[in-house]
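For reference, the structure is listed below as structure tokens.
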Amino acid sequence: MDIQPWWYAVEPYPGESLSHYLGRFRRENGLSVNALGRETELGGVVIGRWERFYFNPPPTPEQIQRLAAHLGLTAVQVRAMLPAAPLKLEPIRLCAACYAEAPYHRLVWQYKATTVCLVHGVRLLSECPRCKK
């Protein structure tokens with residue numbers, strides 16, 4: 001008997017980065033990077049790169065479709081979580097005010113051209129102001 005895996009549905013948040021979404025999806029479904037890579041047939045290396053904002057080379061339409069099918073999303077939803085402008089890969093940046101309202105990573109925070117929150121007008125944080133971690 002061939003038993004197909006099933007997943008808990010995880011809806012993307014508005015403006016959420018694919019990197020953050022993949023981590024949430026994996027945690028909700030108890031999957032490692034390698035397990036999700038195996039299930040999607042994209043490989044753990046590819047999934048791991050995408051979780052760290054490494055989209056060079058960019059995902060192909062076939063990869064997007066394969067990922068979307070396994071995540072229960074449309075290809076349009078997955079493409080919306082991909083960067084549309086050059087990214088600042090490290091460090092991960094966030095708006096403390098936005099994160100306090102809804103704790104998830106917005107893709108716009110990683111754009112190279114973005115240095116302040118477009119909603120609150122505050123400087124994006126890349127480390128804790130207290131402990132510097």
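Computation of the quantities below employed the complete heavy-atom set of this structure, encompassing side-chain atoms and omitting hydrogens, waters and symmetry-equivalent molecules.
The CD atom of Gln63 lies 9.0 Å from the OG1 atom of Thr40; values are rounded to the nearest 0.5 Å. Considering CD1 of Ile47 and CG of Leu42, their distance stands at 5.0 Å, rounded to 0.5 Å. Interatomic distance, CZ of Phe53 versus CG of Leu82, reported as 11.0 Å (0.5 Å rounding). To the nearest 0.5 angstrom, Leu71 atom CG is 11.0 Å from Glu11 atom CD. To the nearest 0.5 Å, atoms CD (Glu39) and CG (Asn34) are separated by 12.0 Å.
The heavy-atom pair separating Ala35 from Leu31 by the smallest distance is CB-CD2, 4.0 Å. Between Val33 and Gly48, the shortest heavy-atom distance links the atoms CG1-N, 3.5 Å. Considering every non-hydrogen atom in both Pro59 and Ile64, the closest pair reads CB-CG1, 3.8 Å.
Side-chain contact between Trp50 and Ser19 is absent, with no heavy atoms from C-beta onward closer than 4.5 Å. In this structure the side chain of Trp109 reaches within 4.5 angstrom of the side chain of Arg106, judged on heavy atoms. With a 4.5 Å cut-off on side-chain heavy atoms, Leu73 and Pro12 count as touching.
Between the Ser126 side chain and the Ile92 main chain, no donor and acceptor come within less than 3.5 Å of each other. The backbone N or O of Ala84 lies less than 3.5 Å from a partner atom in the side chain of Tyr111, making a donor-acceptor pair. At least one donor-acceptor pair under 3.5 Å links the side chain of Trp7 to the backbone N or O of His70. The main-chain N or O of Val108 is found under 3.5 Å from a side-chain atom of Thr114 such that the two form a donor-acceptor pair.
Take Arg24 and apply the salt bridge (charged side-chain N to carboxylate O under 4.0 Å, His left out) test, not counting sequence neighbours, and it matches Glu16.
Grouping the Ile, Leu, Val, Met, Phe, Trp and Tyr side chains by contacts below 4.5 angstrom, directly or via other members, places Leu118 with Leu107. Taking hydrophobic clusters as Ile, Leu, Val, Met, Phe, Trp and Tyr residues chained together by side-chain heavy-atom distances below 4.5 Å, Tyr54 shares a cluster with Tyr21. Under a hydrophobic-cluster definition in which Ile, Leu, Val, Met, Phe, Trp and Tyr are linked whenever side-chain heavy atoms come within less than 4.5 Å, directly or via other members, Val119 and Leu124 are assigned to different clusters. At a threshold of 4.5 Å between side-chain heavy atoms, the hydrophobic network of Ile, Leu, Val, Met, Phe, Trp and Tyr places Leu94 and Leu22 in one connected group.
In Tyr13, the OH atom is not crowded: 12 or fewer heavy atoms of neighbouring residues, nucleotides or ligands sit closer than 6.0 Å.
Among residues at least two apart or in separate chains, salt bridge (charged side-chain N to carboxylate O under 4.0 Å, His left out) pairs with a member in residues 41-65 are Arg26-Glu51, Glu41-Arg66.
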List the atom pairs, with distances to 0.1 Å, where a side-chain N or O of residues 95-105 and a protein N or O form a donor-acceptor pair under 3.5 Å, not counting sequence neighbours.
from   : atom 1 : to     : atom 2 : distance (Å)
Glu101 : OE2    : His120 : NE2    : 2.9
Tyr104 : OH     : Pro14  : O      : 2.7
His105 : ND1    : Ser17  : OG     : 3.2
His105 : NE2    : Arg93  : O      : 3.2
His105 : NE2    : Gln110 : OE1    : 3.3

